[in-house]
Amino acid sequence: MADDEKFDAVVVGAGPAGTAAALTMAKAGLQVALLERGVKPGSKNVMGGILYSHYLEEIVGEAWKEAPLERPIIEERRWIMTPQATIGIDYKNLRNREHPHSYSVLRVKFDAWFAEQAEKAGAMLLPETVVERLIVKDGRVVGVGTGRGDDVYADVVIVCEGIGLGTGLLEKTVIGGRPLRRKLRANEVAMAVKEIMQLDPGLIEERFNCEAGEGCTIECFGDSTMGMSGFMFIYTNKDTLSVGGGALLSEFNATLRSPNELMEHFKNHAAVKPLLRGAETVEYLAHLIPEGGHRGIPKVYGPGYLICGDAAMLSNPVHREGSNLAMVSGRLAGETVIHAKESGDFSERRLSEYKGKLDHSWIMADMRKYDGAVPLLEHNPQMLTKYPQVADQALDEFFRVDGVSKWQKQSNILKMVRKQGMFRMGWDTMKALWTMK
């Protein structure tokens, strides 16, 4: 690469956010460099594994049907777990057989395909390129310095590097006396782990009650995370299972538990173990996930830069949405740079259009709505420990046929609930939920 070569935009990170931004700009004829630290896109990227086709179609059109997706999700299950029971809600939407809107996905396959679409549109993909710093000149980001020893310059740098906790570009770069993003607190980040487990497709369909080629999700709360704020999951792929989950980094620190301990605890639960029997772990992954909510979002634009996806703390754990927020934010950032190019104006004021686009989109509406979701669990640990246990005891009494009259059982359940302070807990929970915007 020539020393004097300058791009319209440099994108840091070829995940869903970065590739969406690069593809959007390249289709408009802009000169774009897409930098990825992995050997290829997807080799270093991690997510639970559910992708929503609506947002992908907005970016690539009908080509989304060629994407290497795994199984359309027909059934979704939610389990509240205690050590000896699961309390579940299942929703099997048969309409999804004709018009599925979500799919399981493996990032190593999907990200490589997605980046290929950006390359076809004209973006220059540079894998195995670690961005070590943002180049700041006269109070403006003007490019990036890479581990290859090259400096790459551009009118705009779009940062899509993920969280980059402690050592990320945003925390290291100072403009006007302040870092581009403050240091994150341990209760604003979740540590997530995941295993890809090989299993025969026929066994997957038999164990998860799926028709051939169809998929199911199971998301588990309570004892599944040993009472920590978070959840565990099992997602069905074509011939593998994505098994994992996570909890707040602050709670890992407080309990001195390890992510591996959490995984083994979940995998060995009596309700989970039969589903995984015979499955062989072929890949182990770990990843940090933003959990800071709306209040944790940094300033997403500035002189010469925009921030998207996880780097911008865009994540909705209540609906396990991250990749769709990443793709949409990347597309909006790309559109902003296109407009800047058209006007010949790359000023901070022009780039602030990106913030306006986010604010008027469903992204910020959802971020505001669920801003208090993680603190609700963090400050009310009984919701994942005591509440499920009391519900388990009540249901055990209700369904047990042991010669006790139903009137007496009803009385026993009410006494149990009263003794455990469940009415008070219910009132406290309602108050906590009411404070969520």
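Remember, it's a predicted structure, so these values are computed and weren't measured experimentally. Just so it is clear, the values below take in all heavy atoms, side chains as well, and ignore hydrogens, waters and symmetry mates.
Annotation for F398: atom CZ does not count as buried by contact number, only 12 or fewer foreign heavy atoms lying within 6.0 Å. Within 6.0 Å of NZ in K273 there are 12 or fewer heavy atoms belonging to other residues, nucleotides or ligands. Atom NE2 of H319 sits in a crowded spot, with more than 12 heavy atoms from other residues, nucleotides or ligands closer than 6.0 Å. Residue E397 qualifies as enclosed at atom CD: its count of foreign heavy atoms under 6.0 Å is above 12. The number of heavy-atom neighbours closer than 6.0 Å to CD of E280, taken from other residues, nucleotides and ligands shown, is 12 or below. In this structure, E264 places its CD atom where more than 12 heavy-atom neighbours from other residues, nucleotides or ligands lie under 6.0 Å away.
The two atoms that bring P127 and V39 nearest to each other are CB-O, 3.4 Å, heavy atoms only. For V243 against K267, the heavy-atom pair with the smallest separation is CG1-CG, 4.3 Å. Residues F114 and T19 come closest through the heavy atom pair O-CG2, 3.3 Å. A pairwise comparison of heavy atoms in Y354 and C308 identifies OH-SG, 3.4 Å as the closest pair. The nearest pair of heavy atoms linking D200 to G202 is OD2-N, 2.9 Å. Nearest heavy-atom pair, D371 versus H294, reported as atom, atom and distance to 0.1 Å: OD1-N, 2.7 Å.
A side-chain contact (heavy atoms from CB on, under 4.5 Å) with I80 holds for exactly one of S224, P388, C220; it is P388. Here the options are L306, V156, T336, the test is side-chain contact (heavy atoms from CB on, under 4.5 Å), and the partner is Y301; only L306 passes.
The backbone N or O of G292 sits nowhere less than 3.5 Å from a side-chain atom of R185 that would complete a donor-acceptor pair. K409 contributes a side-chain N or O that, together with a main-chain N or O of R400, makes up a donor-acceptor pair within less than 3.5 Å. Distance alone, capped at 3.5 Å, is enough to place a donor-acceptor pair between the S329 side chain and the A326 backbone. Side-chain N or O atoms of R97 include none that pairs as donor or acceptor with a backbone N or O of E214 at under 3.5 Å. Looking at R331, its side chain never comes within 3.5 Å of a backbone N or O of A20 through a donor-acceptor pair. At distances below 3.5 Å, not a single donor-acceptor pair connects side-chain atoms of E75 with backbone N or O atoms of D90. Under a 3.5 Å cut-off, the side chain of T225 and the backbone N or O of G222 do form a donor-acceptor pair. Between the side chain of S104 and the backbone N or O of T236, at least one donor-acceptor pair lies under 3.5 Å. Using a distance-only test at 3.5 Å, with no hydrogens or angles considered, no donor-acceptor pair links the side chain of N96 to the main chain of P72.
Rounded to the nearest 0.5 angstrom, L184 CG and L288 CG are separated by 9.5 Å. Atoms CZ and CG, on F110 and L56 in that order, are 4.5 Å from each other to the nearest 0.5 Å. Interatomic distance, R257 CZ to M226 CE, rounded to the nearest 0.5 Å: 4.0 Å. Rounding to the nearest 0.5 Å gives a distance of 10.0 Å between CD1 of I158 and CG of L34. One finds the CD1 atom of I363 at 5.0 Å from the CG atom of L325 (value rounded to the nearest 0.5 Å). In this structure, the separation between CD on Q408 and CD1 on I413 is 10.5 Å, given to the nearest 0.5 Å.
Contact check on K238 versus E70 returns no salt bridge, with no Lys/Arg side-chain nitrogen under 4.0 Å from an Asp/Glu carboxylate oxygen. In summary, K40 and E36 do not engage in a salt bridge, as defined by a charged side-chain N under 4.0 Å from a carboxylate O. Taking a cutoff of 4.0 Å between a charged side-chain nitrogen and a carboxylate oxygen, E171 and K183 do not qualify as a salt bridge. The pair E188-R182 meets the salt-bridge criterion, with a side-chain N (NZ, NE, NH1 or NH2) lying under 4.0 Å from an Asp/Glu carboxylate O.
Residues I297 and L314 form a side-chain contact, since some pair of their non-hydrogen atoms from C-beta on lies under 4.5 Å apart. Side-chain contact between L241 and F208 is present, with at least one heavy-atom pair separated by less than 4.5 Å. Side-chain contact between R78 and T217 is present, with heavy atoms from C-beta onward closer than 4.5 Å. You'll find the side chain of V131 stays beyond 4.5 Å of the side chain of R37, heavy atoms only. Here the side chains of I218 and L275 are in contact, with some heavy-atom distance below 4.5 Å. At a threshold of 4.5 Å between non-hydrogen side-chain atoms, the residues L262 and M232 count as touching. Side-chain contact check for I307 versus K299: every heavy-atom pair is 4.5 Å or farther apart. Residues R207 and P274 fail the side-chain proximity criterion, which asks for heavy atoms closer than 4.5 Å.
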Fill in: Derivation and outcome, side chain to side chain contact (heavy atoms under 4.5 Å, CB included), residues T240 and E283
CA-CA 10 Å; T240 61; E283 191 173 1; over 6 Å; no
Discussion item. As a quick check of understanding, evaluate side chain to side chain donor-acceptor pair (under 3.5 Å) for S315 and D310, giving each step before the final call.
Written reply: CA-CA 7 Å; S315 174; D310 282 5; 5.5 Å; no
Item to complete: Show the numbers, then the answer: is there a side chain to side chain contact (heavy atoms under 4.5 Å, CB included) between M327 and I59?
Response: CA-CA 8 Å; M327 284 193 289; I59 297 167; 3.8 Å; yes
Practice prompt. Before giving the answer on side chain to side chain contact (heavy atoms under 4.5 Å, CB included), spell out for M367 and L358 the whole-Å C-alpha distance, their side-chain angles and the decisive distance to 0.1 Å.
Written response: CA-CA 10 Å; M367 291 297 296; L358 285 176; over 6 Å; no
Practice prompt. Apply side chain to side chain donor-acceptor pair (under 3.5 Å) to Y235 and E219, showing your working.
Written response: CA-CA 9 Å; Y235 300 148; E219 291 169 0; 2.8 Å; yes
Item to complete: Could you walk me through whether R71 and E205 pass the side chain to side chain contact (heavy atoms under 4.5 Å, CB included) test, one step at a time?
Response: CA-CA 11 Å; R71 291 176 182 260; E205 288 149 9; 3.0 Å; yes
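Sequence neighbours left out, the pairs with a member in residues 110-131 that pass side chain to side chain donor-acceptor pair (under 3.5 Å) are N45-D111, R107-D111, T129-R148. Applying the ring-ring contact (aromatic ring centres under 6.0 Å, His included) test to residues at least two apart or on different chains, the pairs with a partner in residues 37-56 are Y55-W362.
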Let me have the donor-acceptor pairs involving side chains of residues 81-89, under 3.5 Å, with sequence neighbours excluded, atom names and distances please.
residue, atom, partner, partner atom, Å
T82, OG1, Q84, N, 3.4
T82, OG1, A85, N, 3.1
T82, OG1, D392, OD2, 2.9

